[in-house]
Number of protein chains: 2
Amino acid sequence: MANPLENRFDPQDISEAEYYLAAVPPSEIDPRVERLVNELIGRVADKWTMLILELLEEKGMLRFTEIGRQVKGISQKMLTQTLRQMERDGLLTRTVHPVVPPRVDYALTPLGNSLSAAFCGVWIWAERNLDMVEAARARFDARG
Amino acid sequence: MANPLENRFDPQDISEAEYYLAAVPPSEIDPRVERLVNELIGRVADKWTMLILELLEEKGMLRFTEIGRQVKGISQKMLTQTLRQMERDGLLTRTVHPVVPPRVDYALTPLGNSLSAAFCGVWIWAERNLDMVEAARARFDARG
DNA sequence: CGGTATCCAAGTCGATACTG
DNA sequence: CAGTATCGACTTGGATACCG
């Protein structure tokens, strides 16, 4: 039993899964799985990954330069690096057209789309609680 | 109109919010809000923050050393630093008991609990798609 | 016990220059 | 156009030592 999430629940169903996670102490989750999951989350939670994910989810298919233009502040190095990582992780496809000048298209895979959907909850949380967090910070900083 | 999420929808309702986000091109979201949201996400998506969040959500209230023991691999420096940041962001409370030896308790605030719930979707995604990602990586690495 | 202070090694990231 | 290569500033995080 490597994976603690068995087949009785469809993990797609958030409320069932929340129930499940609440019922299982972290100590009983396979540490190997936990480590991998954390590594995965660490990777996909990366700033540029999230922005590219959101952009492609919105626009469908874009070429290299177009992504660079729309993700403001990203350097060419980070753009290449992030796209490669996402391709390696199976989040997007990279299509090279044998033309001059070269043309490379990027689009999300179903896996990429599902990740985008999963992050939706966090995005909404951040947007909704932005003011709360800023107020908390102001209070914290006001003290010593 | 600073915040694009107006009052017509309750952002707590994921499906409504998904609909909303899908309908609004990123370019029309206030860039100031977007920047803050990204910074927030970057911060809360931090590896240690997530692990501490999950631990406290599970265990309720713990003291400093106990957290350090259960979050494997964390150094004292990162533990202190992460706890301070989370306190500053209003995610947890820090209670100092005036006794010797000193005793400091940490517990999630309602804000911290709501964040934990929001991350549930990502956690489930990672757990569920771990094999897909590993397979994709193996395929990618097998080529040049 | 629950920190703070300091140092240092490794990694991250942007800028710049170059290429098929 | 879509990269690769290289360099240097900055950041991160662990280890260690010390303190109220």
Side-chain angles (χ1 to χ4, degrees), chain A residues 35 38-53 55-56 59 61-89 91-107 140-141 143-144, chain B residues 35 38-53 55-56 59 61-89 91-107 140-141 143-144:
Chain A
R35 213 178 46 74
N38 284 326
E39 186 228 307
L40 243 188
I41 288 180
R43 162 145 320 171
V44 300
D46 165 78
K47 175 187 174 188
W48 299 127
T49 302
M50 294 212 17
L51 292 174
I52 291 173
L53 204 61
L55 180 67
L56 287 180
K59 300 295 176 61
M61 172 175 282
L62 293 175
R63 47 197 299 191
F64 186 82
T65 311
E66 197 52 38
I67 301 176
R69 190 163 20 237
Q70 302 210 34
V71 177
K72 296 185 226 313
I74 194 169
S75 67
Q76 202 179 38
K77 176 185 173 180
M78 289 314 296
L79 181 55
T80 302
Q81 198 173 108
T82 307
L83 287 172
R84 281 293 180 285
Q85 263 180 19
M86 294 176 73
E87 184 194 4
R88 179 167 183 266
D89 287 344
L91 299 177
L92 52 74
T93 58
R94 176 170 176 273
T95 314
V96 183
H97 301 278
V99 297
V100 284
R103 175 200 180 94
V104 180
D105 285 329
Y106 293 91
F140 184 92
D141 295 342
R143 311 194 297 258
Chain B
R35 212 177 47 73
N38 284 326
E39 186 229 308
L40 243 188
I41 289 180
R43 162 144 319 169
V44 299
D46 165 77
K47 174 189 175 187
W48 299 127
T49 302
M50 292 211 20
L51 291 175
I52 292 173
L53 204 61
L55 180 67
L56 287 180
K59 299 295 175 61
M61 173 174 284
L62 293 176
R63 48 196 298 192
F64 186 82
T65 311
E66 197 51 38
I67 301 176
R69 190 163 19 240
Q70 302 211 34
V71 177
K72 295 184 225 315
I74 193 168
S75 66
Q76 201 179 39
K77 177 184 172 180
M78 289 314 296
L79 181 55
T80 302
Q81 198 175 105
T82 307
L83 286 172
R84 283 289 181 286
Q85 263 181 18
M86 292 175 75
E87 185 195 1
R88 179 168 183 263
D89 287 346
L91 299 178
L92 52 75
T93 58
R94 176 172 175 273
T95 313
V96 182
H97 301 279
V99 297
V100 285
R103 175 200 179 92
V104 181
D105 286 329
Y106 293 90
F140 184 93
D141 295 343
R143 310 195 299 256

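To find a chain, count down the sequence lines: A is the first, B the second, and so on, and within it residues start at 1. Values below: every heavy atom of this structure, side chains too, minus hydrogens, waters and symmetry copies.
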N/O donor-acceptor pair, side chain A:Q76 with base D:dG3, under 3.5 angstrom: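 Pair found.
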
Side-chain contact, heavy-atom cut-off 4.5 Å: [X] with [Y]?
{"X": "B:I67", "Y": "B:I74", "result": "no"}
{"X": "B:Q76", "Y": "B:F64", "result": "yes"}
{"X": "B:D141", "Y": "A:R88", "result": "yes"}
{"X": "B:R63", "Y": "B:V104", "result": "no"}

Atom-pair distance ([atom1] on [X]; [atom2] on [N]), nearest Å:
{"X": "B:L62", "N": "C:dG2", "atom1": "CG", "atom2": "C1'", "answer": "15 Å"}
{"X": "B:Q81", "N": "D:dT11", "atom1": "CD", "atom2": "C1'", "answer": "11 Å"}
{"X": "A:Q85", "N": "C:dT12", "atom1": "CD", "atom2": "P", "answer": "9 Å"}
{"X": "B:H97", "N": "C:dG3", "atom1": "NE2", "atom2": "P", "answer": "12 Å"}
{"X": "A:L79", "N": "D:dG3", "atom1": "CG", "atom2": "P", "answer": "8 Å"}
{"X": "B:W48", "N": "D:dG14", "atom1": "CH2", "atom2": "C1'", "answer": "10 Å"}
{"X": "A:I74", "N": "D:dA2", "atom1": "CD1", "atom2": "P", "answer": "14 Å"}
{"X": "B:R84", "N": "C:dG2", "atom1": "CZ", "atom2": "P", "answer": "12 Å"}

Residue whose closest nucleotide on DNA chain D lies nearer the 5' end, A:Y106 versus A:K77: A:Y106

Test side-chain contact (heavy atoms from CB on, under 4.5 Å) applied to B:I52 and B:L83, B:L91, B:L62, B:D46, the passing residue: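 The residue from B:L83, B:L91, B:L62, B:D46 that satisfies side-chain contact (heavy atoms from CB on, under 4.5 Å) with B:I52 turns out to be B:L83.
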
Should [X] be listed as having a side-chain N or O under 4.0 Å from OP1 or OP2 of [N]?
{"X": "B:S75", "N": "D:dA15", "value": "no"}
{"X": "A:R103", "N": "D:dA2", "value": "no"}
{"X": "A:R63", "N": "D:dG3", "value": "no"}

Residue whose nearest DNA chain C nucleotide is more 5′ - A:P102 or A:K47: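 It is A:K47 whose nearest nucleotide is closer to the 5' end.
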
Nearest to side-chain heavy atoms of B:F64, which nucleotide of C:dG2, D:dG3, D:dA2: C:dG2

Selection from C:dG2, C:dG3, D:dG3 that lies nearest to any side-chain heavy atom of A:T80: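 Out of C:dG2, C:dG3, D:dG3, the nucleotide with an atom closest to A:T80's side chain is D:dG3.
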
